[in-house]
Amino acid sequence: MLKAPRGTQDILPPESSQWVYLESVLRDVCRRYNYHEIRTPTFEQSELFSRTVGEATDIVEKEMYTFKDKTGRDMALRPEMTASVARAFVEHGMASGPLPRKFFYMGSMYRYERPQAGRYREHRQFGVEVLGSDSPYSDVEVIVLAMDAAGALGLTGTQLVLNSIGCPTCRAAYRSRLIDHLKVRVNELCPDCQSRLERNPLRVLDCKKDACKAVTSGAPGMLDHLCPECRLHWGEMTRLLAAQGIDFTVDSSLVRGLDYYTRTVFELKWPPLGAQNAILGGGRYDGLVEEIGGPRVPGVGFAMGMERMLMALAKGSRPIGADAGIDVFVIGMKGADSLASEKAFALVRSLRQSGLSCEFDPLQRSMKAQMKQADRANAKFVAIIGDEEAKNGIVTVRCMGEGWQKTVGLDHVVSFVCEEVARLGK
RNA sequence: GUGGAUGUAGCUCAGACGGCUAGAGCACCAGGUUGUGGCCCUGGGGGUCGCGGGUUCAAGUCCCGUCAUUCACCCCA
């Protein structure tokens, strides 16, 4: 049997309505923050990601879905969105327009990983990007946007974790200092960390192995080695966050897995989710636009794992997205001729054109069977047209909730039902 | 990529030591009411027991492989 590829999933009704709900809440938050939607291609030249995300990162090294197109160009399904947004920003000369530009996006990302709960090969992200502002206010704006989005969705119990990884200059200095410190006891580190030592020493800091923790416990912290500019930015940003009443914890071991980050990095965690408990993550990327050949334009943003958010909402606070029922179910009884059925079908269309949600049974089953469907569809009203009604130009209207029914002339049944639906709605 | 657990109907699950036509609840369809839902009763449809090998007179049950899901590592959203 044919199955959906590993790590992918079908989103079926009624769960799909939860996605619609999630998307609508996020869009409304973005409207209030004046962020505008950007849509970019699902695949890009592979080079875009190897240059920005980083040649030596797991994402580029072993998780990208790459392929050659018919002319032999190296392409990749996008593993993340920030590089694409930056590319579009440069390609369309937005740097010479008003700055900053503020974008949001929603879409599928692709990474060849071992699937587990909260981690998929195709997953959907919502995210925002601000390009053209190096102000700590922008860092704080995207963070409070994230917090407000979580709040608007009713998610409680999240933890905001922050760190600064400095700029290329102070990070390089810190890096060699850290390597020097770790080298002294290199043989006490786990094999993973030994190989990480030269490639990505910051990662050694958040290794969970006790042996490594012992070695790193006295290690210097990045925050103590920021250059004056980075230290100022960090200080301002944390001060502004605190002034907004945002609780956060500083975690000097927080390192993001993409090379383009500078200064601020953060994650919003929701512990009950288990191993994959970061609902969203992001940070500042002041060198990214330049890296892809654009001007010096700073940026900051985050990405939210939408599946993870839905998992958290389902597991936590309150259920969402219950589908409301339909307004009217029209029953057309199959009689000696098809007159009643056809009149019923015409009525369905009129009701729909008038703005009501309406359903009928194309299989023209028995009255009982159709009543059952109406009940299952959670219909407020049932309109019945059988031989008698068709002949006399009338319709029997039944209110499912209140139990009554009456006959109404076919020519004013639409307005009658509209009024009744409005009455129930109050 | 590494390790553990799991895989029987659309869904949730039963199927002691291998042994007749593989079951239940829910869902679905029909009938009980010749034109009236929710409750109830009766009946019905639906399963290559994830897939492929092997052991055996006999495999849903045991063995191997494989695919998928899941938990953790890793990584990240």
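Here is how names work: the chains are called A, B, and so on, in the same order as the sequence lines, proteins then strands, and each is numbered from 1.
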- Task: Scan every strand shown for a Watson-Crick or G-U wobble partner of B/rA22, both distances under 3.5 Å, and answer none if you come up empty.
- Result: none
- Item | Between B/rC71 (P) and A/Q276 (CD): distance, integer Å | 9 Å
- Message: Once hydrogens and angles are ignored, does a donor-acceptor distance under 3.5 Å link the base of B/rU69 to the side chain of A/R6?
- Response: no
- Task: Please check the phosphate of B/rA72 (OP1 and OP2 only) for any side-chain N or O of A/Q116 closer than 4.0 Å.
- Result: yes
- Message: Distance check, P atoms only: B/rU42 and B/rG4, in whole angstrom units.
- Response: 49 Å
- Message: Less than 4.0 angstrom from a charged side-chain N to a carboxylate O is my criterion; do A/D375 and A/K372 meet it?
- Response: no
- Message: Roughly how many Å apart are B/rU48 and B/rG10, using the P atom of each and rounding to a whole number?
- Response: 8 Å
- Message: Counting the atoms with a prime plus P, OP1 and OP2 as sugar-phosphate, which does A/R398 contact under 4.0 Å by heavy atoms, base, sugar-phosphate, or nothing?
- Response: base
- Task: Provide the distance between the two P atoms, one in B/rC49 and one in B/rA72, to the nearest whole Å.
- Result: 32 Å
- Query: Under 4.0 angstrom, heavy atoms only, what part of the nucleic acid is A/E389 near: base, sugar-phosphate, or nothing?
  - Reply: base
- Message: Between B/rG32 and B/rA16, how many Å separate the two P atoms, rounded to a whole number?
- Response: 41 Å
- Item | Pairing partner (Watson-Crick or G-U wobble, both distances under 3.5 angstrom) of B/rC62 | B/rG54
- Query: Is the base of B/rA24 syn or anti, if syn means a glycosidic angle within 90° of 0?
  - Reply: anti
- Query: Quick one: on RNA chain B, does A/E63 or A/E402 contact a more 5' nucleotide (nearest heavy atom)?
  - Reply: A/E402
- Message: By nearest heavy atom, map A/Q373 and A/G401 onto RNA chain B; which one lands nearer the 5' end?
- Response: A/Q373
Identify the pairs formed between an N or O of the protein and an N or O of nucleotides 42-48 of chain B at a distance under 3.5 Å, and give each distance.
none

- Using a heavy-atom cut-off of under 4.0 Å over every strand shown, decide if A/G7 touches base, sugar-phosphate, or nothing. sugar-phosphate
- If you take atom types as modelled and just measure distance, does the side chain of A/R376 reach the base of B/rG38 with a donor-acceptor pair under 3.5 Å? no
- Query: Any N or O donor-acceptor pair linking the side chain of A/K334 to the base of B/rG35 at under 3.5 Å?
  - Reply: no
- Query: If you measure only the distance, is there a donor-acceptor pair under 3.5 Å linking the side chains of A/T249 and A/Q159?
  - Reply: no
- Item | Given B/rC71, B/rG35, B/rA77, the nucleotide with the shortest approach to the side chain of A/A117 | B/rC71
- Message: At less than 3.5 Å, do the side-chain atoms of A/R308 and the base atoms of B/rC76 form a donor-acceptor pair?
- Response: yes
- Task: For the residue pair A/Y110 and A/Y65, categorise the inter-ring angle as parallel (less than 30°), tilted (30 to 60°) or perpendicular (more than 60°).
- Result: perpendicular
- Kindly confirm or rule out a cation-pi arrangement of A/R39 over A/Y105, judged by NZ or CZ under 6.0 Å from the six-membered ring centre and within 45° of its axis? no
- Query: Hey, is the side chain of A/Q405 pairing donor to acceptor with the base of B/rU36 inside 3.5 Å?
  - Reply: yes
- Check: A/E61 side chain, B/rG1 base, donor-acceptor under 3.5 Å: no
- Query: Going from OG1 on A/T262 to CG on A/D134, what distance comes out if it is rounded to the nearest 0.5 angstrom?
  - Reply: 10.0 Å
- How would you label the contact of A/Y120 with the nucleic acid (heavy atoms, under 4.0 Å): base, sugar-phosphate, or nothing? base
- Task: Can you tell me, in whole Å, how much space there is between the P of B/rG25 and that of B/rC64?
- Result: 36 Å
- Query: Checking side chain to side chain contact (heavy atoms under 4.5 Å, CB included) for the pair A/Q373/A/R365: CA distance, chi angles, key distance, verdict?
  - Reply: CA-CA 10 Å; A/Q373 291 177 67; A/R365 276 169 286 200; 3.6 Å; yes
- Query: Under 4.0 angstrom, heavy atoms only, what part of the nucleic acid is A/G118 near: base, sugar-phosphate, or nothing?
  - Reply: base
- Message: Please report the distance, rounded to the nearest Å, between CZ in A/R114 and P in B/rA77.
- Response: 21 Å
- How far does the C1' atom of B/rC28 sit from the matching atom of B/rU6, given to the nearest Å? 28 Å
- Item | Watson-Crick/G-U partner (both atom distances under 3.5 Å) of B/rC75 | none
- Message: Under 3.5 Å for both donor-acceptor distances, Watson-Crick or wobble: does B/rC29 have a partner, and if so which one?
- Response: B/rG43
- Message: Using 0.5 Å steps for rounding, measure from the CE atom of A/M371 to the CD1 atom of A/I384.
- Response: 6.0 Å
- Could you give me the CA-CA distance, side-chain angles and deciding distance for A/K391 and A/D387, then say whether salt bridge (charged side-chain N to carboxylate O under 4.0 Å, His left out) is met? CA-CA 6 Å; A/K391 217 173 299 170; A/D387 282 342; over 6 Å; no
- Query: Watson-Crick or G-U wobble partner for B/rG38, using a 3.5 Å limit on both distances?
  - Reply: none
- Heavy atoms only: give me the nearest A/L254-A/N163 pair and the separation to one decimal. O-ND2, 3.0 Å
- Task: Have a look at A/I384 and say if it touches a base, only the backbone sugar-phosphate, or nothing, with a 4.0 Å heavy-atom cut-off.
- Result: base
- Message: Can you measure A/D58 atom CG to B/rC75 atom C1' for me and round it to whole angstrom units?
- Response: 6 Å
- For B/rA30 versus B/rU66, give the span between their P atoms, rounded off to a whole number of Å. 47 Å
- Item | Parallel, tilted or perpendicular: rings of A/F104 and A/F126 (30°, 60°) | tilted
- Query: On a whole-Å scale, what distance lies between the C1' atoms belonging to B/rC51 and B/rG7?
  - Reply: 11 Å
- Message: Using whole Å, what does the distance between atom C1' of nucleotide B/rU33 and atom CZ of A/R365 come to?
- Response: 19 Å
- Determine, stepwise, if the pair A/K406 / A/E420 fulfils salt bridge (charged side-chain N to carboxylate O under 4.0 Å, His left out). CA-CA 12 Å; A/K406 65 184 287 189; A/E420 286 298 317; over 6 Å; no
- Which part of the nucleic acid, if any, lies within reach of A/E80 when heavy atoms closer than 4.0 Å are counted: base, sugar-phosphate only, or nothing? nothing
- Task: Quickly work out the A/E129 CD to B/rA77 P distance and round it to whole Å.
- Result: 11 Å
- Can you check the A/K269 NZ to B/rC76 C1' distance for me, whole Å? 11 Å
- For A/M109 and B/rA77, what is the distance between atoms CE and P respectively, to the nearest whole Å? 10 Å
- Task: Report the distance from atom CZ of A/R119 to atom P of B/rU69, rounded to the nearest whole Å.
- Result: 12 Å
- Note on the structure: Partner of B/rU6 under the Watson-Crick or G-U wobble criteria, both distances under 3.5 Å, comes out as B/rA68
